Amino acid sequence: MPLIETSLIRALQEARHVVVLTGAGVSAESGVPTFREAQTGLWARYDPDRLATPAAFADDPALVWGWYAWRRKLVRQAMPNPAHVAIRRLAELVPRLTLITQNVDDLHERAGHDSVIHLHGSLMDSRCSVCEAGHEASAEVLLAEPGPVEPPRCRLCAAPVRPGVVWFGEALPAQELAQAFAAAQRCELVLSVGTSGQVYPAAAIPLVAARAGARLVQINPAPTPLDDLAEHSLRGAAGIVLPELLDRLEGLN
Ligand code: OAD
């Protein structure tokens, strides 16, 4: 367990607006794989060029749809872990908390957050790849292993339905992006949890906040590009460090 300094507890007690930015690491202890970790990350085992770009979907929609059907099943089976629960506790304690996630799972929502800014979309949503009409999520298949599955067809224009996630080369949803950067400009503290900080524009959120005067705190077992900038870098698993941090904040130990 990394040392949680009293100055960090004080900074959290004083902050009137906290931004929590999460990445795949916050869901790792729920059994949802991260992307860039050497052995276990999705991008170590699967090629993003074949699975996570508009061109990949155009080339082989069944391969892409089946891969997301597998990831959807992983997430449906997963449960929020103590890190998700601790972030929910934090939201009760600070005057204002904006939760921004790069994750496409719904584990923050299932831990009790009703307003999560999803910068990279959601695995649970899907829409027409041409006319963008929404598609009924309950109709989606779930797969125990990745494998080709023909995507359903749009009820309006019959084009293939695609997952509601942001792929490489695509713009992030404009409203979510604007809300996230507005919060970054105004907040007093950013808590960055479980992200490698390599994917922009999400990775710019702590940088923009720091430039506007916010304090930076991060929780990650591995080094990240924020190490030099963060006032506190807690090197450990979010599911262990965050509950301890919240206990300290609530005066429980
Ligand atoms: P990455 O896979 O790049 O990074 C995950 C981070 O979580 C790493 O820095 C790990 O050290 C850290 N980590 C692992 N286990 C942890 C734990 N138990 N507690 C805390 N941290 C832990 O995932 P992201 O930074 O989320 O985009 O990746 C950003 C984006 O890249 C994703 O949203 C996805 C991907 O390509 C799209 O799909 C558009």
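In each ligand, atom 1 is the first atom listed, and ligand 1 is the first ligand listed. Because the structure is a prediction, the values reported are computed rather than measured.
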Requested in this report: From atom 6 (C) of ligand 1, work out which of Gly197, Gly194, Pro221 has a heavy atom at the shortest distance.
Outcome: Gly194

Query raised in the report: Taking the side chain as C-beta and beyond, is there a heavy-atom pair between Pro151 and Phe57 under 4.5 Å?
Result: yes

Report summary line: To atom 14 (C) of ligand 1, the nearest of Arg235, Glu37, Glu170 on a heavy-atom basis is Glu37

Query raised in the report: Tell me, do His120 and Val165 make a side-chain contact under 4.5 Å, heavy atoms counted?
Result: no

Requested in this report: Name the closest protein heavy atom to atom 32 (C) of ligand 1, giving the residue it belongs to and the distance to 0.1 Å.
Outcome: Phe35 CE1, 3.6 Å

Requested in this report: Please tell me if the side chains of Pro201 and Leu119 come closer than 4.5 Å, counting only heavy atoms from C-beta onward.
Outcome: no

Query raised in the report: Would you call Asp247 and Arg89 a salt bridge, taking side-chain N to carboxylate O under 4.0 Å as the test?
Result: yes

Query raised in the report: In terms of residue, atom name and distance, what is the protein heavy atom nearest to atom 28 (O) of ligand 1?
Result: Arg36 NH1, 3.2 Å

Query raised in the report: Does ligand 1 have any atom that is closer than 4.0 Å to a heavy atom of Val166?
Result: yes

Query - For Ala238 against Ile219, the heavy-atom pair lying closest together - result: CA-CG2, 3.9 Å

Requested in this report: Under 4.0 Å from a heavy atom of Trp43: give me the atoms of ligand 1 that qualify, with their elements.
Outcome: 35 (C), 36 (O)

Report summary line: shortest atom 13 (N) of ligand 1-to-protein heavy-atom contact is with Gly25 CA, 3.6 Å

Query raised in the report: Can you list the atoms of ligand 1 that are under 4.0 Å from a heavy atom of Ala238?
Result: 17 (C), 18 (N), 19 (N), 20 (C)

Requested in this report: Evaluate the ring planes of His135 and Trp65, with Trp represented by its six-membered ring, and classify them as parallel (under 30°), tilted (30 to 60°) or perpendicular (over 60°).
Outcome: perpendicular

Requested in this report: Look at atom 12 (C) of ligand 1 and say which protein heavy atom is nearest, naming residue and atom and giving the distance to 0.1 Å.
Outcome: Asn220 OD1, 3.4 Å

Requested in this report: Go through ligand 1 atom by atom and flag the ones less than 4.0 Å from a non-hydrogen atom of Ala222.
Outcome: 11 (O)

Query raised in the report: Do the side chains of His118 and Val166 get nearer than 4.5 Å, heavy atoms only?
Result: no

Query raised in the report: Any side-chain heavy atom of Leu90 within less than 4.5 Å of one from Leu249?
Result: yes

Report task. Over 60° means perpendicular and under 30° means parallel, so classify the ring planes of His113 and His108, tilted if in between. Result -> perpendicular

Report summary line: Min over Ala24, Ser196, Gly236 of heavy-atom distance to atom 4 (O) of ligand 1 lands on Ser196

Query - Beyond-backbone contact of Leu245 with Leu12, side-chain heavy atoms, under 4.5 angstrom - result: yes

Report summary line: If you scan protein heavy atoms around atom 27 (O) of ligand 1, the nearest is His120 ND1, 3.4 Å

Query raised in the report: Nearest to atom 15 (N) of ligand 1, what protein heavy atom do you find, and at what distance?
Result: Ala28 CB, 3.8 Å

Query - Atom indices of ligand 1 within 4.0 angstrom of Gly23 heavy atoms, with elements - result: 26 (O)

**Report entry** Nearest-contact summary for atom 25 (O) of ligand 1 - protein heavy atom, Å
**Finding:** Thr195 OG1, 2.7 Å

Query raised in the report: Does Arg88 pair with Glu92 as a salt bridge, N-O distance under 4.0 Å?
Result: yes

**Report entry** Close side-chain approach of Met124 to Val75, heavy-atom, < 4.5 Å
**Finding:** yes

Query raised in the report: Going by the atom numbers of ligand 1, which of them fall below 4.0 Å from some non-hydrogen atom of Ala237?
Result: 17 (C), 18 (N), 19 (N)

Query - Heavy-atom nearest neighbour of atom 18 (N) of ligand 1 within options His118, Gln218, Gln102, Glu29 - result: Glu29

**Report entry** Close approach of Trp167 to ligand 1, heavy atoms, under 4.0 angstrom
**Finding:** no

Query raised in the report: How close does the nearest protein non-hydrogen atom get to atom 30 (C) of ligand 1, and which residue and atom is it?
Result: Val199 CG2, 3.7 Å

